[in-house]
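What follows is a single structure, written as structure tokens, with notes after it.
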Amino acid sequence: MEKFIVEKSHSLKGVIDISGSKNAALPILAACVLTDGECIIEGVPPLNDVTTMLELIRELGCKTSYEGETISVRGKDIDNLTLDYNEVKKIRASFLLAGAMLSRFGRADIALPGGCSIGLRPVDLHLKGFEALGAVCENEHGIIHIRCEKLKGCEIYLDFPSVGATENIMLAASLAEGTTLIRNCAAEPEIADLADFLNKMGADIEGAGSDLIKINGVKSLHGCHHRIIPDRIEAGTFMLAAAATGGKIRLNNVCTAHMTALIHKLREAGAQINEEENSITLEKRGKTVNTCIKTMPYPGFPTDMQAQFMALMATGRGTGIVNETVFENRFMCAGELTRMGADIKVEGRCAVVKGVRELTGTAVKATDLRAGAALIISALAAEGKTEIGEIEHIDRGYFHIENKLSGIGARIERRSYED
Ligand code: EPZ
């Protein structure tokens, strides 16, 4: 087992190069199953979620290689279209393989991913899309058996702009007969990056990044070469760490156009932010001014930044309100922050954060990926030493976060210990 030992770190200063986006890489890896050609994907950090997804793609029969941050996938020898629960439960994004397998092979047998700590995470909208395209989906003992000779394009309305459902339907519709319209779809930058990748493979997709995506099905797709967009959540996490310690940092390899909501809320909280197209500088002195955040589908405030912003507000001036509208159970880190002395009251999907003078270090644990990142932020600003356990959650989405933070003056180290 491993944990982070974090000590109070005054005003983080320096430059960080941001890695490629985990949430862009995962659907793009699933898209590689759509062709027997070779796909080369650059700028993919070796995160645990990425290596897990690659293992699953190899389970299907794909040949893969991973050199540095460049992945090659060749879907020529796929001979298995079944993923059981032991494989699917490792990473929810494995469910995106369903759309790709169904589209190219007309079938997929894949376990329902089940819930996780932040919510039930149903896949009903994914299945609604597959059935609208003509597939039959049957649940037997927790395995969804999906069949369709040839998917036919149609118009699909998503009750909620689900990122995963939008991606899965795009993957399925790419090789369907005719045109598919996805209305009220997700508009996240990772959706646009997936569409960009699919179009490089020969797909015909327009509208990605808006609430209406049009996919004209094509007969086949070929390999391609692509570089993943920067990770806006990793970038935002480091900005909040610098803001929490009253520092000044510059981030390179960012796409500031993807970070508008966070930039505006950080300015409201008292940070000075200078944005260029592919880099951003944040400086923050003095106390955070607590504000209100409401998580929304893109371009609203990202739910994946909610816990980290709550950690910032824990020692801010005044009272902040956090309204989590996307997931039903995403305040898990409030309990751990309270153990550090935070004053947070959770009522349903709302949390009231009353700023305290200072948090104090203690032993805490990461309950999920972003809650773990929030604990690092709070620990960097807290008096004394904090031990963060169960950091495997953090490693799923941040590549050696302690190295990047140490590079700007953070006092953080990774330690192994017997459980
Ligand atoms: C993606 O998850 C991201 N993961 C999540 O990031 C992110 O928080 C989320 O989108 C929202 O932005 C990846 O991209 C790998 P959703 P996803 O489908 O696709 C409900 C992180 O920390 N819903 O948009 O699973 C669902 O219950 C992770 O990097 C249905 O009801 O999110 C939730 O309340 C965490 N039925 C809401 O929609 C469905 O069929 C948003 O889920 C699908 C979703």
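Order of appearance sets the numbers: ligands from 1, and atoms from 1 within every ligand.
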Heavy-atom distance to [atom]: which of [options] wins?
atom	options	value
atom 2 (O) of ligand 1	R121, R92, E167	R121
atom 44 (C) of ligand 1	S162, A186, A165, P161	S162
atom 10 (O) of ligand 1	V163, D368, N329, T295	V163

Where ligand 1 meets [X] - atom numbers and elements under 4.0 angstrom, heavy-atom basis:
X	value
H126	40 (O)
G164	18 (O), 19 (O)
R330	8 (O), 22 (O), 35 (C)

Report the part of [X] (side chain from C-beta onward, or backbone N, CA, C, O) that has a heavy atom under 4.0 Å from ligand 1; answer both or neither where that applies.
X	answer
P122	both
L369	side chain
V326	both

- Out of R370, K404, K22, which one pairs with E234 under the salt bridge (charged side-chain N to carboxylate O under 4.0 Å, His left out) rule?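 So, applying the salt bridge (charged side-chain N to carboxylate O under 4.0 Å, His left out) to E234 and each of R370, K404, K22, only K404 qualifies.
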Considering non-hydrogen atoms of the protein only, which is the closest contact for [atom], and what is the distance?
atom	result
atom 40 (O) of ligand 1	L125 N, 2.7 Å
atom 8 (O) of ligand 1	D304 OD1, 2.5 Å
atom 3 (C) of ligand 1	N23 ND2, 3.8 Å
atom 38 (O) of ligand 1	F160 CD2, 3.4 Å
atom 11 (C) of ligand 1	T303 CG2, 3.9 Å

- Task: Kindly determine whether D193 and H226 satisfy side-chain hydrogen bond (donor to acceptor under 3.5 Å, both in side chains), including the steps that lead there.
- Result: CA-CA 9 Å; D193 205 30; H226 183 74; 3.0 Å; yes
- Message: If the contact criterion is a heavy-atom separation under 4.0 Å, does L120 count as touching ligand 1?
- Response: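 It does not, in that no heavy atom of L120 comes within the 4.0 Å cut-off of ligand 1.
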- Query: Would T64 and R58 satisfy side-chain hydrogen bond (donor to acceptor under 3.5 Å, both in side chains), going step by step from the backbone distance to the final call?
  - Reply: CA-CA 7 Å; T64 69; R58 281 197 293 275; 2.7 Å; yes
- Task: For residues V218 and L175, determine if any side-chain heavy atom of one lies less than 4.5 Å from a side-chain heavy atom of the other.
- Result: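 When only atoms from C-beta onward are counted, L175 and V218 do touch, with a gap below 4.5 Å.
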- Query: Is atom 20 (C) of ligand 1 less than 4.0 angstrom from at least one protein heavy atom?
  - Reply: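 Looking at atom 20 (C) of ligand 1, one finds that no protein heavy atom lies closer than 4.0 Å.
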